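It should be emphasised that the depicted structure is a prediction, and the values quoted were computed from it without experimental measurement. Values below: every heavy atom of this structure, side chains too, minus hydrogens, waters and symmetry copies. Chain letters run A, B, ... following the sequence lines, proteins first, then strands; residues in each count from 1.
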Amino acid sequence: MDVAAMDAILAKFPTIRGNLIGILHEMQSHFNYLPEEDLRYLSKKTQIPITQIYSIANFYNRFSLKPKGKNTVCVCLGTACHVKGAERVMDEIKAQLKVDVGESTDDMQFSLEEVRCIGACSLAPAVVVNEETYGQVAPKQIHGILQKFKK
Amino acid sequence: MPTMINLTINGEKIAAPEGTSVLQAARQAGIFIPTLCDYEALEPEGTCRLCIVELSGSIRPCIRVSCIQEVKEGLVVETETERIIKNRRLILELLLGRSPYCRELLDLAGKCGVMTSRFLTGEDDDCIRCGRCVRVCRDKIGAYALCWVNRGYNRKVATDFERLSEYCIGCGSCAQVCPTGAIKMEDRGNQRRIYTWGQVVARFELEKCEKCGRYFAPRKYIDWMRRKAFKPKGIELIDLICPECLRKTERPAPAKVPFGNGAFPAW
Ligand code: SF4
Ligand code: FES
């Protein structure tokens with residue numbers, strides 16, 4: 001557990017009440033997931049029951065209780081992307097990364113996720129890696145895209 | 001004297017104190033509205049949706065859940081219209097979809113004329129997600145051992161990180177308030193177990209009653225209650241005596257103190 005990091009995060013918030021989600025956001029960006037010990041530490045520090053924190057961490061998609069890969073690959077499976085063959089793109093990514101949706105690669109480089117619509121239907125099928133959006137992705141481009149992020 | 005609000009329920013003129021719910025007003029007038037999640041001692045949360053009624057009069061005509069709808073001057077409430085009966089049946093069918101063998105649900109279904117459910121999922125989970133257990137643990141006991149996890153259809157009651165709870169004090173209130181018996185408490189010998197669908201919430205060793213020697217409550221629970229109970233000066237709480245022996249014991253009448261949740265003051 002990283003007490004220093006946690007204290008630094010907590011110091012950013014003047015009050016605890018109403019800021020729990022903000023704190024969890026910071027933790028998610030810092031650790032890339034929400035580690036159990038740190039959540040328990042947060043509970044102790046803030047006097048917020050751990051069940052309440054756990055409930056919130058469980059509710060939002062943005063929070064993850066399992067370690068996440070360095071890069072997040074998000075495949076849009078909304079209507080337009082679906083029609084334009086997002087399924088095939090997804091299958092290709094699954095095959096290349098050897099993971100299923102919601103999982104991370106063994107080397108912790110990538111996590112795979114699906115979303116229902118990212119509001120970029122004109123680019124269908126769309127794939128978002130971290131903050132970068134790729135449009136009209138064909139399965140054969142996948143390898144190149146993934147290589148770019150691999151270190 | 002609270003202000004009285006005049007409303008009409010099923011054609012009957014009723015006066016109810018300000019702040020009561022339509023459900024309470026109807027009950028006072030002897031009108032039956034089926035409910036599952038409503039519980040006298042808990043704040044209503046409106047999760048089961050069974051208590052729907054049709055409202056009109058002083059507000060725009062609509063269907064609302066009566067347990068969280070406050071009475072309003074001039075409100076006209078109908079509890080048995082065709083629309084309500086149809087919708088109530090639908091809600092029952094949906095609830096039965098996951099809990100097809102739940103006795104309380106089947107009873108209600110019988111009363112409301114639901115024969116089968118069109119939404120059977122193949123699951124057999126008596127929990128109807130009414131939230132009574134979570135509410136009692138959080139709001140009344142203040143132990144915060146239970147919480148909701150996940151979202152939508154996957155929503156369920158669990159402990160933190162879905163492991164044996166450190167926070168559970170073994171009072172058994174959750175089992176007491178559960179309308180369907182989905183969360184249970186079981187005492188066997190000197191062991192107490194609280195469990196739900198496949199998850200054991202907590203295990204405890206029970207303490208013996210000093211008088212009759214019966215195992216009756218876990219240490220943690222006794223300590224908790226001692227901390228919360230009101231202690232008049234000079235009088236120590238009589239310890240380790242089971243409720244039955246306590247009833248036979250002479251003791252000073254307890255003063256009434258509000259039973260708040262003192263566990264987590266910051267929350
Ligand atoms: S366990 Fe019982 S009280 Fe708790 S949500 Fe399920 S049905 Fe309601
Ligand atoms: S009793 Fe009103 S919603 Fe359950």
Side-chain angles (χ1 to χ4, degrees), chain A residues 1 6-7 9-25 27-28 31 33-68 77-78 100-103 113-117, chain B residues 42-43 45 47 127 129-171 173-174 183 194 196-197 199-202 220 224 227-228 260-267:
Chain A
M1 203 194 102
M6 279 302 295
D7 286 341
I9 290 172
L10 284 174
K12 285 190 202 166
F13 295 88
T15 60
I16 297 303
R17 227 197 149 85
N19 273 331
L20 182 57
I21 295 204
I23 296 172
L24 292 179
H25 264 304
M27 283 173 69
Q28 175 79 37
F31 300 109
Y33 78 113
L34 302 176
E36 180 175 339
E37 296 89 74
D38 295 81
L39 288 180
R40 289 194 186 276
Y41 179 75
L42 176 68
S43 162
K44 236 189 233 124
K45 274 268 165 183
T46 59
Q47 290 284 296
I48 298 170
I50 183 71
T51 38
Q52 306 275 331
I53 298 177
Y54 183 65
S55 211
I56 289 169
N58 232 297
F59 187 85
Y60 294 102
N61 255 343
R62 170 84 171 86
F63 303 133
S64 149
L65 291 156
K66 278 187 284 175
K68 261 190 164 183
L77 292 180
D100 220 329
V101 176
E103 295 175 354
E113 255 156 50
E114 58 173 54
V115 283
R116 284 300 145 186
C117 183
Chain B
L42 301 172
E43 281 293 303
E45 218 166 46
T47 45
C127 177
R129 276 51 169 178
C130 71
R132 277 192 195 176
C133 50
V134 177
R135 274 179 281 159
V136 75
C137 189
R138 180 188 64 196
D139 302 340
K140 294 296 163 191
I141 306 300
Y144 289 87
L146 294 172
C147 65
W148 290 112
V149 296
N150 301 335
R151 215 172 351 150
Y153 186 75
N154 298 323
R155 194 176 195 231
K156 64 174 182 181
V157 176
T159 57
D160 44 318
F161 300 93
E162 297 181 42
R163 285 199 227 111
L164 278 187
S165 175
E166 281 173 48
Y167 296 84
C168 179
I169 58 163
C171 68
S173 306
C174 46
I183 186 159
I194 294 177
T196 59
W197 44 100
Q199 197 207 338
V200 177
V201 173
K220 215 169 166 187
W224 184 276
R227 234 181 307 141
K228 288 195 131 191
N261 34 330
F264 292 96
W267 194 241

**OP:** Enter the distance from B/Asp160:CG to A/Thr51:OG1 here, rounded to the nearest 0.5 Å.
**Re:** 6.0 Å
Subject >> Which atom of A/Phe59 lies closest to which atom of B/Arg151, heavy atoms considered >> reply: O-NE, 2.7 Å
**OP:** First locate atom CG of A/Leu65, then atom CD of B/Glu162, and finally report the distance between them rounded to the nearest 0.5 Å.
**Re:** 10.0 Å
Original post:
Do B/Tyr167 and A/Ile50 touch side chain to side chain, with heavy atoms closer than 4.5 Å?
Top reply: yes
Subject >> Part of B/Ala145 within contact of chain A (heavy atom distance under 4.5 Å) >> reply: backbone
**OP:** Report the distance from atom CH2 of B/Trp148 to atom CD1 of A/Ile56, rounding to the nearest 0.5 Å.
**Re:** 15.0 Å
**OP:** Tell me, for A/Ile53 versus chain B, whether the close heavy atoms (under 4.5 Å) come from the side chain, the backbone, both or neither.
**Re:** neither
**OP:** Answer with side chain, backbone, both or neither: which region of B/Ser165 has an atom nearer than 4.5 Å to a non-hydrogen atom of chain A?
**Re:** neither
**OP:** Below 4.5 Å from any heavy atom of chain B, which atoms of A/Ile16 appear? Answer side chain, backbone, both or neither.
**Re:** neither
Subject >> Closest non-hydrogen atom pair between B/Val149 and A/Tyr54, with its separation >> reply: CG1-CE2, 3.1 Å
Original post:
Counting heavy-atom pairs under 4.5 Å to chain A, which of B/Leu146, B/Thr159, B/Asn154 comes out on top?
Top reply: B/Leu146
Subject >> B/Glu166 side, atom CD; A/Arg40 side, atom CZ - distance, nearest 0.5 Å >> reply: 5.0 Å
